[in-house]
Amino acid sequence: MPGLVALPPVAPPARRPLSIALPRRRRILAALPCRCRCGRRHLLGASSAAALLPLIAPPSRAAPHIDPDVMLERVHPSRPDWYEEFYATALDKGMKSYEAEIAGYKAKLFSQLTATRKNILELGVGTGPNFKYYANGDWVNVVGVDPNRHMEDYARAAAVSAGLPPSNFMFKRGVAEALPAEDNSMDVVIGTLVLCSVSNTDMALREINRVLKPGGLYLFIEHVAAPDGTILRFVQGALDPLQQFVADGCHLTRKTGENIRDVGFSSLSLDSVRLSNAYIISPHVYGVACK
Ligand SMILES: C[S@@+](CC[C@H](N)C(=O)[O-])C[C@H]1O[C@@H](n2cnc3c(N)ncnc32)[C@H](O)[C@@H]1O
C-alpha cells in the first residue's frame, strides 16, 4: 500500500564508554552559560509552569559514526514519488490554522536565539514554517534535514521569504537517526513535530546531542500522548495505525518529553500545552535543552 512502509529493524548503536559523570551540583552549574539574553534560564511560554529539570541521567555519549545515506535508506526508504509530493503539499496547505495557534509559543521559544548562535540545523525541516522566527539575516547558516525530497522547494521558498540569503541555506536529504553533520558542530538544533515520525526516538536524540557544541541548544515542539486513562488517549491509541499510514509514519502515542528528559542534557526547560486546533495531536511539549 502506498505510504505504508514496513521499516526494517534498526540495531541500537554500539555505545562508547561513558564520558565523565559530573556530580549533580556541577551539572546544574554547567547549565549557567545557557542563560538567554534576558538573563533567565529558558523560561518559556506560560512560564509559571515551566520547570528547569536537573537531570538524573548521565551525560550523553557521542554516537558512533553511521553513514547518513545508509541510515536514510534503512529508516526512511523513498516512498512513491506521488506520495512524497502529496505529503509535502498537504503540509504546506493544511497547517495554516495550526501555525496560527502555535505562533505565540514559537515566537517566545525562538526569541531565545542570539546572534552569536550562527550554525543551526533543523531536522525534519518540512516546508520550513519555522524560518520566519529565526532565519532572518545573513549572520545565520541553516542546514535543513528531511528525508522527503519534495520538501526542498517549499523550504527554500520559506527561507527566502524569511530573509535568509539562499547561500546561507542548505537542504540535505537525511534522517534524524544519523544526522549529516559533524560532532560538536552546531550552535542550535531545532525540531518541531518530528520525533513523532522518526523510527527511533532515542537514536535521534543521541544524534541531536552529538552534533551540538557544548553549550548548544536544542529547541523543540513535539506532540505527545494524552495522559493515560483519558478518552483522548484511548482515541489516539485507536487511530495510531491510521495516522502512521496517512501521515508518513507519525505516531500519536509517544512519550517524547520523557525521552528528551532521559538523554542527559545538562539542563532542560520543558512545558506543555493543549491546542484547540490540534485535538488529536495534543498535548504538545515544548522547550529548550542545553548540551
Ligand atoms: C509533521 S512534519 C513536520 C515538519 C515541520 N518540522 C513542521 O513543523 O511543520 C514531519 C517531518 O519529518 C520528516 N521526517 C520523517 N521521518 C523523519 C526522520 N526519520 N528524520 C527526520 N525527519 C523525518 C517528514 O518528512 C516531515 O517533513
Side-chain angles (χ1 to χ4, degrees), residues 3 5 7-8 10 66 68-81 83-103 105-106 109-110 120-135 142-159 162 171-181 189-208 211 218-224 243-252 254 256 275 277-278 280-282 284-286:
V5 177
L7 300 176
V10 180
I66 303 169
D69 292 333
V70 172
M71 186 61 83
L72 170 64
E73 285 313 309
R74 278 171 69 186
V75 305
H76 199 287
S78 291
R79 282 44 167 156
D81 196 59
Y83 179 84
E84 294 202 348
E85 189 171 6
F86 165 79
Y87 187 54
T89 308
L91 263 191
D92 184 54
K93 304 272 180 271
M95 297 292 280
K96 297 206 183 322
S97 61
Y98 169 84
E99 286 297 334
E101 189 174 1
I102 198 82
Y105 296 91
K106 286 192 174 182
L109 188 63
F110 290 114
I120 299 181
L121 183 148
E122 183 161 347
L123 51 100
V125 66
T127 58
N130 299 323
F131 292 153
K132 60 175 178 253
Y133 298 98
Y134 73 86
V142 179
V143 178
V145 177
D146 203 289
N148 183 339
R149 57 171 64 82
H150 285 283
M151 299 297 178
E152 179 168 0
D153 287 347
Y154 291 106
R156 281 197 180 286
F171 181 91
K172 290 192 181 179
R173 208 172 149 246
V175 286
E177 291 87 339
L179 288 170
V189 173
I190 291 165
T192 62
L193 309 184
V194 180
L195 295 183
C196 54
S197 298
V198 303
S199 66
N200 188 321
T201 311
D202 290 333
M203 192 181 281
L205 284 163
R206 278 199 299 272
E207 279 292 278
I208 291 166
V211 304
Y218 168 43
L219 275 62
F220 59 89
I221 301 177
E222 297 289 348
H223 68 85
V224 296
Q243 174 78 357
Q244 289 172 47
F245 177 64
V246 298
D248 196 22
C250 169
H251 295 69
L252 294 172
R254 287 193 167 162
T256 305
L275 302 176
N277 273 314
I280 199 67
I281 57 163
S282 207
H284 281 26
V285 292
Y286 63 99

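Every number for a ligand or one of its atoms is a count from 1 in the order of the listing. Hydrogens, waters and symmetry mates are skipped; everything else that's a heavy atom, side chains included, is used.
- Taking the charged nitrogens against the carboxylate oxygens, Arg79 and Asp248 do have a contact shorter than 4.0 Å, which makes a salt bridge.
- Contacts between Leu91 and ligand 1 below 4.0 angstrom, taking non-hydrogen atoms only, involve the side chain exclusively.
- Taking every heavy atom of Val175 and a limit of under 4.0 angstrom, the matching atoms of ligand 1 come to 18 (C), 19 (N), 20 (N), 21 (C).
- Looking only at side-chain heavy atoms (C-beta outward), Gln244 and Cys250 stay at 4.5 Å or farther from each other.
- Side-chain contact between Glu207 and Val189 is absent, with no heavy atoms from C-beta onward closer than 4.5 Å.
- Looking at Gly144, Pro147, Gly126 and measuring to atom 23 (C) of ligand 1, the nearest heavy atom belongs to Pro147.
- By the 3.5 Å distance cut-off applied to N or O atoms, Thr192 is counted among the residues near ligand 1.
- Side-chain atoms of Arg173 and Ser78 include a donor-acceptor pair closer than 3.5 Å.
- Nearest protein neighbour of atom 19 (N) of ligand 1, counting heavy atoms only, is Glu177 OE1, 3.0 Å.
- In this structure, Glu101 and Leu275 have side chains that are in contact, with non-hydrogen atoms separated by less than 4.5 Å.
- The aromatic ring centres of Tyr83 and His150 sit 6.0 Å or more apart.
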Let me see the working for Glu222 and Thr192 under side chain to side chain donor-acceptor pair (under 3.5 Å), right down to the final yes or no. CA-CA 6 Å; Glu222 297 289 348; Thr192 62; over 6 Å; no

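- Put simply, no part of Gly249 is less than 4.0 Å from ligand 1, judged by heavy atoms.
- A centroid separation of less than 6.0 Å is found between the aromatic rings of Phe220 and Tyr218.
- Using the six-membered ring where Trp is involved, His284 and His223 have ring planes that are tilted, between 30° and 60° apart.
- For ligand 1, the atoms closer than 4.0 angstrom to any heavy atom of Ser197 are 15 (C), 16 (N).
- The protein non-hydrogen atom at the shortest distance from atom 20 (N) of ligand 1 is Ala176 N, 2.9 Å.
- Protein heavy atom in closest approach to atom 26 (C) of ligand 1: Asp146 OD2, 3.6 Å.
- In this structure, Leu123 falls outside the shell of residues with a heavy atom less than 4.0 angstrom from ligand 1.
- With ligand atoms numbered from 1 in the order given, ligand 1 contributes 25 (O) to contacts under 4.0 Å with heavy atoms of Asn148.
- A salt bridge between Glu99 and Lys106 is present, with a side-chain N of the basic residue lying under 4.0 Å from a carboxylate O of the acidic one.
- Below 4.0 Å from some heavy atom of Tyr87 lie the following atoms of ligand 1, by number and element: 1 (C), 2 (S).
- Other residues, nucleotides and ligands contribute at most 12 non-hydrogen atoms within 6.0 Å of the CZ atom of Phe86.
- Counting protein heavy atoms only, atom 9 (O) of ligand 1 is closest to Pro129 CG, 3.3 Å.
- The shortest contact between atom 16 (N) of ligand 1 and any protein heavy atom is with His76 CD2, 3.5 Å.
- The N/O atoms of Glu122, backbone and side chain alike, include none that comes under 3.5 Å of an N/O atom in ligand 1.
- For the pair Leu193 and ligand 1, the shortest N or O to N or O distance does not fall below 3.5 Å.
- In terms of protein heavy-atom proximity, atom 4 (C) of ligand 1 is nearest to Gly124 O, 3.4 Å.
- With sequence neighbours excluded, no residue satisfies side-chain hydrogen bond (donor to acceptor under 3.5 Å, both in side chains) with Lys132.
- Near Val198, the atoms of ligand 1 lying under 4.0 angstrom from a non-hydrogen atom of the residue are 18 (C), 19 (N), 20 (N).
- At least one heavy atom of Met151 lies less than 4.0 angstrom from ligand 1.
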